Every structure is written in structure tokens, then in C-alpha cells.
Amino acid sequence: MFKKRGYFFIVDSIIALTVLSVGIILLFSYNQHTPSTSNLYTVSDEVINILYYNVINDLNNDYIWHLEQNGNITDNSKTIIEQIGEFYYRNQTKNCNYCMILINSTINSTLINIFPEDYNFIVIFDNKTIFTNINTGLQKISIENATIVIPSKAIVHGLYNKTELYGPYIIEVLSWI
């Protein structure tokens with residue numbers, strides 16, 4: 001009878017050890033990818049920098065080239081942000097109804113495929129959301145439910161037709177996870 005009790009304790013300890021081992025392996029093998037918060041600063045700043053420092057003439061972009069050819073962009077020595085400011089000014093003062101579409105398409109054609117899908121960001125121009133890039137993967141989080149939101153801002157101003165001053169407008173990029 002004592003021999004059977006010994007087998008019972010050995011089998012019981014092997015089962016307990018197996019359950020603990022499987023639990024530990026599952027715990028450490030579950031690797032949910034979460035974007036790092038330090039990269040949020042980079043995303044927010046780099047969106048602003050790309051728009052602020054890249055000149056239209058330097059872009060190798062079919063959409064921008066098409067806008068130049070049909071006369072929507074008249075001065076290709078402007079930066080992208082200055083051109084967006086001009087489109088916004090034309091929308092506000094010159095009754096350009098399609099200028100908001102031009103803004104969104106210009107930003108989209110410039111920023112497409114530059115940032116990883118893990119990051120969500122929106123571009124706000126003069127308190128109006130003009131572009132949204134929301135992750136469609138596992139980390140799809142609305143800005144209201146975000147744990148961290150990083151802003152980056154810049155001021156936009158310029159000349160329309162080299163005669164009319166527009167701005168200052170504030171452009172803001174919010175990135176979050």
C-alpha cells in the first residue's frame with residue numbers, strides 16, 4: 001500500500017510540473033508588439049519636418065507633378081507646408097471648394113509608405129483635421145483611448161501669387177499609441 005502512495009505523489013508532481021512549465025512557456029512566448037513611446041516623438045516631429053523642409057521641386061511624386069501641370073501649383077520653389085497653406089488660404093478666401101481635397105491628397109501622396117503601420121497620427125491645420133493615418137492592425141486605437149499622445153506644432157505663412165500674405169496658421173501633428 002505504501003508503494004502505491006509513492007507512485008501517486010510522483011505522478012501528481014509530474015502533472016503539476018507540466019502545468020507550470022506550459023504556463024511559463026505560454027507566458028513568455030506571448031509577444032505582443034507594442035510600438036515604443038520614444039518613436040512617437042520621432043513620428044510627430046518627422047511628419048512636420050517632411051512637410052516643412054521638403055521643396056515641391058525636389059519631390060519625385062506623380063501627383064504633385066500632375067498638380068503642377070494643371071496649374072494648381074504655380075510656384076514649385078515652395079515647401080510642401082507653404083503649398084498646403086496656400087491651398088487652405090484659397091479655400092478660405094477664394095472659394096476654392098476642392099482645395100481641401102488637394103490638401104489631403106498632397107499630404108497623402110507625400111507621406112504614404114514613409115511611416116510604419118504601427119503608428120497613428122493626424123494632421124490638424126488651423127484647428128481642422130486635414131489628414132488621418134490610423135493603424136488598421138492589431139494596435140488600432142482611437143485618440144480618445146490612447147495611453148500617450150505626442151503633439152508637434154509649426155507655424156505656416158507665405159505669399160499667394162507673390163502679392164497676398166496668408167497665415168499665420170498653426171499646423172499640429174498628433175501621434176499616439
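All values reported here derive from a predicted model rather than from experimental measurement.
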Roughly how far, to the nearest 0.5 Å, is [atom2] of [Y] from [atom1] of [X]?
X	Y	atom1	atom2	result
Gln83	Glu68	CD	CD	9.0 Å
Asn91	Asp126	CG	CG	10.5 Å
Ile150	Leu174	CD1	CG	9.5 Å
Leu20	Ile15	CG	CD1	12.0 Å
Lys162	Asp75	NZ	CG	5.5 Å
Ser105	Met100	OG	CE	11.5 Å

Less than 4.5 Å apart, side chain to side chain, heavy atoms only: is that true for [X] and [Y]?
X	Y	value
Val149	Ile143	yes
Ile122	Ile124	yes
Leu51	Ile171	yes
Ile81	Tyr169	no
Ile73	Ile64	yes
Val43	Trp176	no
Ile14	Thr18	yes

Would Phe131 and Ile84 count as a side chain to side chain contact (heavy atoms under 4.5 Å, CB included) here? Give the steps. CA-CA 12 Å; Phe131 182 76; Ile84 291 169; over 6 Å; no
Quick one: does [X]'s side chain have a donor or acceptor within less than 3.5 Å of a partner on [Y]'s backbone?
X	Y	result
Asn104	Ile130	yes
Asn61	Ser109	yes
Glu82	Thr79	yes
Tyr88	Tyr166	no
Ser44	Val173	yes
Asn133	Phe121	no

For Val123, the option from Thr132, Ile107, Ile103 that meets side-chain contact (heavy atoms from CB on, under 4.5 Å):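 It is Ile107; the other options fail the test.
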In one Ile/Leu/Val/Met/Phe/Trp/Tyr side-chain cluster, 4.5 Å: Tyr89, Leu159: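 Shared cluster, no.
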According to a 4.5 Å side-chain heavy-atom criterion applied to Ile, Leu, Val, Met, Phe, Trp and Tyr, with indirect links allowed, do Ile50 and Tyr53 form part of one hydrophobic cluster?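 In one cluster with Ile50: Tyr53, yes.
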In terms of side-chain heavy atoms, does Asn72 have a donor or acceptor partner in Tyr98 at a distance below 3.5 Å?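 Result is yes, a qualifying pair exists.
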Report yes or no: do Ser77 and Asn57 form a side-chain donor-acceptor pair below 3.5 Å?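 No, because no side-chain N or O of Ser77 sits under 3.5 Å from a partner of the opposite role on Asn57.
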Taking all heavy atoms of Phe125 and all of Gly85, pick out the closest pair and write down the distance.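 That would be CZ-CA, 3.7 Å.
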Which heavy-atom pair separates Glu172 from Pro151 by the least distance, and what is that distance?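 Nearest heavy atoms, Glu172 then Pro151: OE2-CB, 3.7 Å.
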Intermediate values then yes/no, side chain to side chain contact (heavy atoms under 4.5 Å, CB included), Asp58 and Val55: CA-CA 5 Å; Asp58 293 340; Val55 177; 3.8 Å; yes
Short N-O contact, Glu164 and Lys94, less than 4.0 angstrom: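 Yes, Glu164 and Lys94 are salt-bridged.
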Give a yes or no on this: more than 12 heavy atoms of other residues, nucleotides or ligands lie within 6.0 Å of atom CD1 of Ile155.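 Count not over threshold, so no.
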May I ask you to check whether over 12 heavy atoms, not counting those of Asp62, lie within 6.0 Å of atom CG?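 Incorrect, the count does not exceed 12.
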Yes or no on side chain to side chain contact (heavy atoms under 4.5 Å, CB included) for Ile170 and Val156, after CA distance, side-chain angles and deciding distance? CA-CA 6 Å; Ile170 295 177; Val156 181; over 6 Å; no
